[in-house]
Amino acid sequence: MTIDHNKLGFPCGGFEFGTWKMAKEYKEELLEKHYHEGCPGCKVEKMKEVRRGYPYLELSFIWIVILSTSLPISSLYPFLYYMIEDFGIAKTEKDIGYYAGFIACAFMFGRALTSIFWGIMADRYGRKPIILLGTVTIAVFNALFGMSTNIWMAIATRFMLGSFNCLLGTMKVDTLNS
């Protein structure tokens, strides 16, 4: 059985040709890029079109910031035993481990309490200001922790270090968008 395209109302080649032509026109329109003035996303897309290759510079900045984020967690433990011993609050070696747990947990406790807050701030004010704030506060609170004179100062500075450590989630999202 054959279909007469003229009876169906499809002139000049039938339904297939007309659909193909229309689809091609829409495809060309959809592939055109329209940029808006002042749009940060459009600015990034323009930059991606111009620059080709691997973004070594941007990734090196990300690497440095992630390294500075992990140092407060990992560099603490070799020195913590001697720090608590110098505070003079532990009577036995078992007590040193007890107080070390408070200091170590203060960082993660502060981080857990403020993670959602820093995500909201990064969405509202941008990731770069939050990354700069986090990098500066890591340096400041790490230095203050190193100069702690008693257990309460050590716990407070570790808690503040965790509270202002807003980098990890922000950097992960920033890396995904690069």
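- The ring-ring contact (aromatic ring centres under 6.0 Å, His included) contacts involving residues 41-71 comprise Y54-Y56, where partners must be two or more places apart or lie in separate chains.
- Clustering of Ile, Leu, Val, Met, Phe, Trp and Tyr by side-chain heavy atoms under 4.5 Å joins L132 with none of the others.
- Not counting sequence neighbours, the partners of F141 by the ring pair (Phe, Tyr, Trp, His ring centres under 6.0 Å) test are F164.
- With hydrophobic clusters built from ILVMFWY side chains whose heavy atoms lie under 4.5 angstrom apart, L71 does not share a cluster with L161.
- Screening residues 74-94 for ring-ring contact (aromatic ring centres under 6.0 Å, His included), with sequence neighbours left out, gives no hits.
- Here V140 pairs with V136, L144 under the side-chain contact (heavy atoms from CB on, under 4.5 Å) rule; sequence neighbours left out.
- Taking the side-chain contact (heavy atoms from CB on, under 4.5 Å) definition, one finds that N150 meets it with W152, M153, sequence neighbours left out.
- Legend: residues meeting side-chain contact (heavy atoms from CB on, under 4.5 Å) with C105, ordered by chain and number and at least two apart, are absent.
- A single hydrophobic cluster is not seen to contain both F107 and I103; linkage of ILVMFWY side chains at heavy-atom distances under 4.5 Å, directly or through other members, places them apart.
- In this view, E45 and K48 satisfy the salt bridge (Lys or Arg N to Asp or Glu O under 4.0 Å) rule, not counting sequence neighbours.
- Under the side-chain contact (heavy atoms from CB on, under 4.5 Å) criterion, I64 pairs with no residue, sequence neighbours left out.
- Classified by interplanar angle (parallel below 30°, tilted 30° to 60°, perpendicular above 60°), the ring pair Y98/F102 is perpendicular.
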